[in-house]
Amino acid sequence: MSLDKYFATGTRRKRVAKKEEDDSALMDSLSLKHPVHLKSKRRIIEKISMPWLDECVEVGYLVIPKKLSVKVGASKTTKLLWVRLFSNWAMRVRVGFPLIIYDYLHGEYIAGIITMMGYDIAWHELIDRDVSETRDILTSQMVAEGDVEFLELVPLVGIEPICSLKNVDGKIVRGDVNFAPHIRAPAFLPSQRIINIIYGIPDKGPVYGAIMFGDEVIYDPKTGRMIAYRMRPELLFEHELITGTTGKGKTAKCKNDIYNFIETFSGSVVVIDTHNEYSMIAEEPVQEADPIKPSPFDVKMWEDLGIKPRRIEDVVVWIPKQESGSSDEPQVDSENMRVRYFTIKFGNIPPSMLQYYLPALSPQGYYILPKLVKKFRKIYSSDKCTLEKFYWWLENTKLPKEMITDATREAILRRLAAILGEDIFDAQGVSDISMKEILKPNQVNIIRIDLVSSIVAKRIIVMHIISKIAQAKLSDYGDRLPPTMLLIDEAHNYFPRFVYDLNEKEWVLRTVSWVERIAREGRKFRLRIEFSTQSPEDLNPRILKTVNTYTLFGLTPLQIKTLKKFMELPVDPTMLINLPARRAVVFSRSNASIPMKIFVPWSLLRHKMTKKE
């Protein structure tokens with residue numbers, strides 16, 4: 001079976017070989033050692049099963065190189081399967097691409113990744129054709145005259161096997177690589193369906209992006225559509241960490257996750273908005289006045305992945321009410337965005353939960369405070385159980401020494417005075433956040449933390465929101481509440497790795513432990529927590545233990561060095577350092593067999609792009 005039919009035609013006369021049609025051509029391609037009678041050949045051919053994956057495209061064949069040189073790429077093993085590509089496919093395939101090789105004898109495929117390329121210098125005719133004729137001719141002159149036969153001399157590609165694929169009763173089954181394919185076994189570029197099987201990626205589920213191998217987005221060879229990376233819906237409730245430096249696409253990815261959660265579960269979303277970047281999702285995603293609009297590539301990605309940008313129809317913006325609040329805060333509701341003010345009601349906080357609200361208390365203070373609050377609430381009615389009332393009661397009430405010492409009382413009063421100065425408790429004329437209002441299907445709730453100046457006050461509000469959601473969701477045994485997603489933007493601000501105040505450090509550790517427990521138990525109650533941070537080196541390492549999915553955008557060498565102390569990086573650090581904007585590595589052991597590089601779609605919800613990509 002000659003390869004001349006695949007060669008490009010130049011001005012020079014090419015060697016043309018007639019394609020053999022009889023049965024002996026196939027037997028020659030299988031390199032049988034002993035001559036076989038024609039009838040025996042036909043019987044063998046009848047027993048050999050033909051390739052059963054019609055959606056894949058044949059791009060080359062297996063060879064054994066005699067001597068390899070000019071290696072490109074790297075591989076942990078030198079025992080690779082070497083494939084010679086047809087010239088018309090050589091320009092489309094790069095290091096990192098997947099290929100599958102079909103073995104006619106076993107009737108199975110071997111799937112692998114191209115990890116190396118090189119030239120078989122033992123085949124001199126593939127290196128320099130008619131040296132005497134072309135030695136002194138410029139390459140550009142040959143191209144100008146249409147003599148491009150030299151472009152057919154493509155390198156071999158080395159395939160590192162991953163798994164085998166077998167057809168069992170019409171179902172494709174993955175297996176170990178325990179056989180070697182015959183020489184001239186055909187190599188195929190796999191389709192979307194086969195890539196999903198090779199890497200264990202689901203066929204259905206929320207779209208995270210288009211799969212990339214190397215620096216290229218992968219297309220289905222038959223349909224020409226980009227191949228999607230999808231997440232199993234149930235894995236969303238095993239939580240996720242999104243990290244990367246500024247401007248790499250984290251916020252766009254988070255907004256796409258909100259879109260996916262609403263589309264998949266019709267659930268409720270709560271966003272801890274640190275920089276006022278999420279309120280705009282109530283607007284149309286793409287507008288005429290935008291200086292930067294989606295490119296034709298971005299539009300094709302939307303179409304190929306089966307997604308369509310839209311606005312969120314039901315958005316509620318929650319603003320912490322402060323008596324000293326500025327006058328430029330939004331006062332009216334828009335067409336599909338409502339504004340609500342809230343305050344933390346001290347009287348509604350269970351005494352056992354106060355340890356997550358009041359920082360820098362001594363160990364004795366954490367132990368005594370719930371008892372004091374219970375005693376206080378027996379005296380005052382619920383509408384008068386404010387933090388300020390409690391402060392004055394504790395300062396002026398004589399309590400027995402065996403209940404609280406003077407030193408502990410003074411320590412608690414100092415902390416209460418500092419918290420009262422934050423102006424986030426018991427504001428007049430507004431109520432606390434109601435979970436009945438927040439946990440509604442298809443509703444996105446934006447918590448405007450950016451309007452609070454103090455980092456301590458921000459942490460208290462965040463813990464208040466988390467505690468309220470946990471109290472509602474972790475007791476929802478009848479699934480009366482919708483699936484809920486909690487997105488925490490700039491998570492390192494609320495769960496820091498470094499805390500220099502010893503008393504405050506104790507408080508942070510308590511809050512981190514509380515979130516760990518919520519994350520573990522929240523999975524079975526359909527509660528998803530997504531942590532986003534641009535400073536992973538400042539995030540408490542215990543948060544990393546709560547997530548099963550990591551989405552890594554471009555990182556700095558310092559960030560990578562820090563992360564390696566607490567987690568095993570799924571890919572080579574150099575890849576993470578060099579990731580351009582909107583490229584990310586997704587690692588979820590339960591969703592794919594290896595980390596996958598993806599191209600994140602242009603934001604499906606309103607997001608102001610600041611630069612072209």
Side-chain angles (χ1 to χ4, degrees), residues 1-12 14-17 19 29 51 53 55-75 80-102 109-130 134 139-140 142-162 181 183-191 194-195 198 211-224 226-227 597:
M1 297 178 69
S2 174
L3 293 179
D4 290 345
K5 64 174 182 174
Y6 297 104
F7 290 168
T9 304
T11 56
R12 295 175 183 268
K14 307 289 180 68
R15 293 171 300 169
V16 179
K19 184 179 182 295
S29 71
L53 295 178
E55 68 262 42
C56 300
V57 175
E58 189 170 354
V59 296
Y61 58 96
L62 188 72
V63 298
I64 298 181
K66 295 182 179 179
K67 188 176 182 182
L68 203 67
S69 182
V70 195
K71 299 176 183 177
V72 175
S75 176
L80 304 178
L81 299 174
W82 290 96
V83 167
R84 189 177 302 284
L85 298 171
F86 302 140
S87 58
N88 58 326
W89 281 100
M91 67 184 74
R92 312 185 200 182
V93 176
R94 298 172 181 263
V95 171
F97 276 40
L99 289 180
I100 56 176
I101 301 170
Y102 184 73
Y109 287 87
I110 290 180
I113 297 177
I114 299 176
T115 58
M116 189 179 293
M117 292 184 177
Y119 294 91
D120 189 355
I121 60 176
W123 290 63
H124 60 86
E125 67 272 21
L126 296 179
I127 300 174
D128 196 355
R129 176 206 67 205
D130 299 328
T134 61
T139 302
S140 56
M142 296 173 67
V143 173
E145 295 178 358
D147 183 8
V148 292
E149 185 179 7
F150 61 88
L151 293 179
E152 301 159 2
L153 309 181
V154 299
L156 303 180
V157 296
I159 312 299
E160 186 171 343
I162 296 177
I183 300 305
R184 203 175 169 81
F188 298 82
L189 196 63
S191 64
I194 305 308
I195 284 182
I198 294 172
I211 294 178
M212 302 182 71
F213 288 105
D215 297 325
E216 302 289 331
V217 171
I218 287 291
Y219 295 82
D220 189 298
K222 279 290 182 70
T223 64
M226 299 181 193
I227 294 181
K597 186 178 180 181

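Please read these numbers as outputs of a predicted model, since none were measured by experiment.
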J.: Using the test salt bridge (Lys or Arg N to Asp or Glu O under 4.0 Å), find all partners of R94 that sit at least two apart in sequence or belong to another chain.
T.: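 E216.
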
J.: Just so I know, are the side chains of T115 and L80 near enough to count as touching, which here means a heavy-atom distance under 4.5 Å?
T.: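 Heavy-atom side-chain distance check passes, below 4.5 Å.
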
J.: Tell me the closest heavy-atom pair linking P221 and V57, and the distance in Å.
T.: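 In terms of heavy atoms, the two residues are closest at CB-CG2, 3.5 Å.
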
J.: Heavy atoms only: give me the nearest P161-I110 pair and the separation to one decimal.
T.: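 It is CB-CG2, 3.9 Å.
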
J.: With P98, which residues qualify under side chain to side chain contact (heavy atoms under 4.5 Å, CB included), at least two apart?
T.: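 Listed in chain order: P190, I195, Y199, F213, I218.
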
J.: Could you report the tightest heavy-atom contact between D220 and S191, atom names first, then the distance?
T.: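 For D220 versus S191, the nearest heavy atoms are OD2-CB, 3.3 Å.
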
J.: How far does CG of L99 sit from CG of L81, to the nearest 0.5 angstrom?
T.: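 Between atom CG of L99 and atom CG of L81 there are 10.5 Å.
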
J.: With side chains defined as the heavy atoms from C-beta onward, is the minimum distance between E55 and I194 less than 4.5 Å?
T.: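 E55 vs I194: side chains touch.
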
J.: Could you please spell out the steps behind the side-chain contact (heavy atoms from CB on, under 4.5 Å) verdict for I113 and I159?
T.: CA-CA 5 Å; I113 297 177; I159 312 299; over 6 Å; no

J.: Taking the side chain as C-beta and beyond, is there a heavy-atom pair between R84 and D120 under 4.5 Å?
T.: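 The answer is yes, as the side chains (C-beta and beyond) meet within the 4.5 Å cut-off.
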
J.: Mind checking whether S87 and W89 have side chains closer than 4.5 Å, heavy atoms only?
T.: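 A side-chain contact under 4.5 Å is absent here.
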
J.: Roughly how far, to the nearest 0.5 Å, is CE of M212 from CZ of F97?
T.: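 That separation rounds to 9.0 Å.
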
J.: Looking only at heavy atoms, what is the nearest atom pair of F86 and G60, with distance?
T.: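 Shortest heavy-atom separation between F86 and G60 comes out as CE1-N, 3.6 Å.
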
J.: Go through the steps to decide whether V157 and M116 satisfy the test side-chain contact (heavy atoms from CB on, under 4.5 Å), and finish with yes or no.
T.: CA-CA 6 Å; V157 296; M116 189 179 293; over 6 Å; no

J.: With side chains defined as the heavy atoms from C-beta onward, is the minimum distance between L53 and I100 less than 4.5 Å?
T.: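 Yes, side chains in contact.
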
J.: Should R92 and Y219 be marked as a side-chain contact (heavy atoms from CB on, under 4.5 Å) after you check the CA-CA gap, both sets of side-chain angles, and the distance that decides it?
T.: CA-CA 10 Å; R92 312 185 200 182; Y219 295 82; over 6 Å; no

J.: Within a strict 4.5 Å, meaning less than it, do heavy atoms of the I183 and V63 side chains meet?
T.: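 No; the side chains remain at least 4.5 Å from each other.
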
J.: For the atom pair CZ (R184) and OH (Y61), what is the distance rounded to the nearest 0.5 Å?
T.: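 One finds 5.5 Å between CZ of R184 and OH of Y61.
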
J.: Less than 4.5 Å apart, side chain to side chain, heavy atoms only: is that true for W82 and P65?
T.: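 Answer yes - side chains close enough.
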
J.: Judged by atom type as modelled, is there a donor-acceptor pair below 3.5 Å linking the side chain of K597 to the main-chain atoms of I211?
T.: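 No; judged by distance alone, with no hydrogens or angles, the pair does not exist.
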
J.: Is the shortest side-chain heavy-atom distance between Y109 and P51 below 4.5 Å?
T.: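 Sidechains of P51 and Y109: in contact.
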
